[in-house]
Amino acid sequence: MVLDLLLQRALELGARPARPGEFSERAFLNGKLDLAQAEAVADLIESTTEVAARLAGRTLQGELSRRVEGLLEGIVHLRSFVEAAIDFPDEEIDFIADSQVEADLQDLIHDARGLLTSGHQGHLIREGLDLVIAGPPNAGKSSLLNALAGVDAAIVTDIPGTTRDLLRQQIQIGGMPLHIIDTAGLRPARDPIEQEGVRRAREQIEQADHILWVFDGQSDPDHRDFDVSRLPAHVPLTYVRNKIDLTGTPAGLKQGPSGPEVAISALTGAGVDVLCEHLKAICGFPASTEGVFMARRRHLDALDRTLVCLDSALELLRQAPAVELVAEDLRQAQRALGEITGEFTPDDLLDRIFSGFCIGK
């Protein structure tokens with residue numbers, strides 16, 4: 001109440017509520033922070049793991065900006081050679097014959113790819129991984145959810161089809177956020193409620209970043225009860241052989257004929273640690289966060305476009321002396337890269353970025 005009265009009095013005296021992100025926006029517009037640093041303020045506030053908070057702080061201190069500026073400087077330097085050949089043709093500057101130009105361009109491409117790799121790792125830490133647990137009824141999907149989450153989030157019974165709706169749980173594995181979704185067992189269903197559960201399960205499977213296909217190693221040792229070829233081909237799949245406490249199968253990871261397979265017991269926890277390490281490995285989670293920065297989808301898009309332009313410039317450089325086209329590719333690469341720090345960012349994009357901030361911040 002005291003805070004409400006204080007705020008009300010301040011408004012009566014002519015103050016106004018701050019807009020979302022207004023303080024960070026002012027810092028950006030006045031040159032105190034670049035756009036990547038301003039976004040890191042929001043990422044730091046919204047971070048859900050210690051690793052994410054550390055990466056956001058690193059970006060706020062200028063880790064991403066320094067690497068982008070270094071790449072920009074190299075592109076501008078290369079543009080100077082190319083455009084000199086256009087602006088002063090009488091000087092006979094044969095930059096095409098200069099092998100150093102191609103070598104510099106290859107170095108820029110290598111640096112841009114490294115920046116993009118770090119960006120993907122940072123984006124994974126920021127956004128997390130949508131992991132769908134799927135499989136036939138009574139295979140132990142809900143038990144696996146409980147084992148990964150460390151709590152009894154799902155009801156577990158011996159009755160097939162216990163799970164009818166989607167169950168969601170957010171956890172972290174060594175700093176990697178996971179959004180786990182437990183789904184209804186996939187089978188032909190006559191019950192309208194179970195039919196809806198199966199429909200929702202298939203919908204989530206289509207949208208997943210990764211699928212854990214859980215099967216009962218006791219009753220279905222060759223996991224043939226379901227044709228997994230009916231699953232979406234674009235979503236990576238890991239087989240989870242459950243109930244090894246009943247079969248005597250040793251816990252561990254092996255490469256099967258259809259993909260990686262992890263043998264576990266969701267009941268006793270055997271092999272769950274192996275599964276967690278496997279998930280970190282296949283998703284590209286960095287063993288060390290050295291050089292990794294917090295990245296947003298727009299950063300990755302800008303880096304993708306930068307690489308496309310640089311690759312195109314290198315191809316033109318090797319195929320034909322198309323000086324003007326090489327110069328245009330380099331200009332577009334510089335423009336795309338400049339969007340990350342805000343050098344070439346349109347106003348409507350700025351509005352969208354800061355509207356997602358906390359009030360004031």
Side-chain angles (χ1 to χ4, degrees), residues 129-163 166-169 171 173-174 176 178-189 197-198 201-202 204-206 208-285:
L129 183 78
D130 288 335
L131 181 68
V132 170
I133 302 176
N138 215 30
K141 300 184 297 300
S142 296
S143 296
L144 177 57
L145 171 67
N146 292 342
L148 291 172
V151 296
D152 290 333
I155 298 174
V156 176
T157 72
D158 293 330
I159 303 172
T162 300
T163 301
L166 304 175
L167 294 176
R168 304 175 186 271
Q169 193 75 17
I171 67 168
I173 299 176
M176 181 178 74
L178 282 179
H179 311 296
I180 308 177
I181 305 171
D182 181 23
T183 60
L186 298 182
R187 67 176 180 181
V198 171
R202 293 188 180 280
Q204 288 299 316
I205 288 171
E206 287 285 344
D209 293 321
H210 198 87
I211 299 172
L212 292 183
W213 182 261
V214 184
F215 65 96
D216 186 341
Q218 184 182 29
S219 62
D220 182 25
D222 298 323
H223 55 83
R224 293 178 177 174
D225 283 355
F226 182 85
D227 183 7
V228 293
S229 65
R230 293 159 56 187
L231 297 175
H234 65 278
V235 182
L237 176 69
T238 295
Y239 296 97
V240 179
R241 180 184 294 274
N242 194 21
K243 305 184 182 182
I244 61 172
D245 54 303
L246 301 177
T247 63
T249 304
L253 169 67
K254 70 175 184 179
Q255 187 66 31
S258 303
E261 178 184 301
V262 184
I264 71 161
S265 169
L267 180 64
T268 66
V272 174
D273 56 339
V274 177
L275 176 61
C276 291
E277 291 302 315
H278 169 69
L279 290 173
K280 290 170 64 176
I282 61 175
C283 298
F285 189 78

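Small disclaimer: the values here were computed from a predicted structure and weren't measured. These numbers come from the heavy atoms of this one structure, side chains and all, not from hydrogens, waters or symmetry mates.
Rounded to the nearest 0.5 angstrom, F215 CZ and N138 CG are separated by 15.0 Å. Taken from CG in L145 to CD1 in I180, the straight-line distance is 6.0 Å, to the nearest 0.5 Å. Note: L253 CG to R241 CZ = 12.5 Å, rounded to the nearest 0.5 Å. The distance from the NZ atom of K243 to the OG1 atom of T268 is 13.0 Å, given to the nearest 0.5 Å. Atom CG of residue L129 and atom CD1 of residue I173 lie 9.0 Å apart, to the nearest 0.5 angstrom. One finds the SG atom of C276 at 9.5 Å from the CD1 atom of I264 (value rounded to the nearest 0.5 Å).
The shortest distance between side-chain heavy atoms of V272 and L148 falls below 4.5 Å. With contacts defined as side-chain heavy-atom distances shorter than 4.5 Å, the pair L212/L279 qualifies. Within the 4.5 Å cutoff, the side chain of L267 has no heavy atoms near those of the S143 side chain. The closest side-chain heavy-atom distance from V235 to V132 is not below 4.5 Å.
Shortest non-hydrogen contact noted between A149 and Q169 is CB-CG, 3.6 Å. Closest approach of T183 and I133 over heavy atoms only: OG1-O, 2.7 Å. Residues D216 and Q218 share a closest heavy-atom pair of OD1-N, 2.8 Å. Across T249 and A263, no two heavy atoms sit closer than the pair CG2-CB, 4.2 Å. Closest approach of N242 to A266, counting heavy atoms only: OD1-N, 3.0 Å. Of all heavy-atom pairs spanning A270 and A251, the tightest one is C-CB, 4.2 Å.
With sequence neighbours left out, the side chain to side chain donor-acceptor pair (under 3.5 Å) criterion links D245 to S265. With sequence neighbours left out, the side chain to side chain donor-acceptor pair (under 3.5 Å) criterion links T238 to H210, H278. In terms of the side chain to side chain donor-acceptor pair (under 3.5 Å) criterion, H179 has no residue partners (sequence neighbours excluded).
For the pair D182 (side chain) and L167 (backbone), a donor-acceptor distance under 3.5 Å is absent. Side-chain atoms of K141 come within 3.5 Å of backbone atoms of P136 as a donor-acceptor pair (strictly under, hydrogens ignored).
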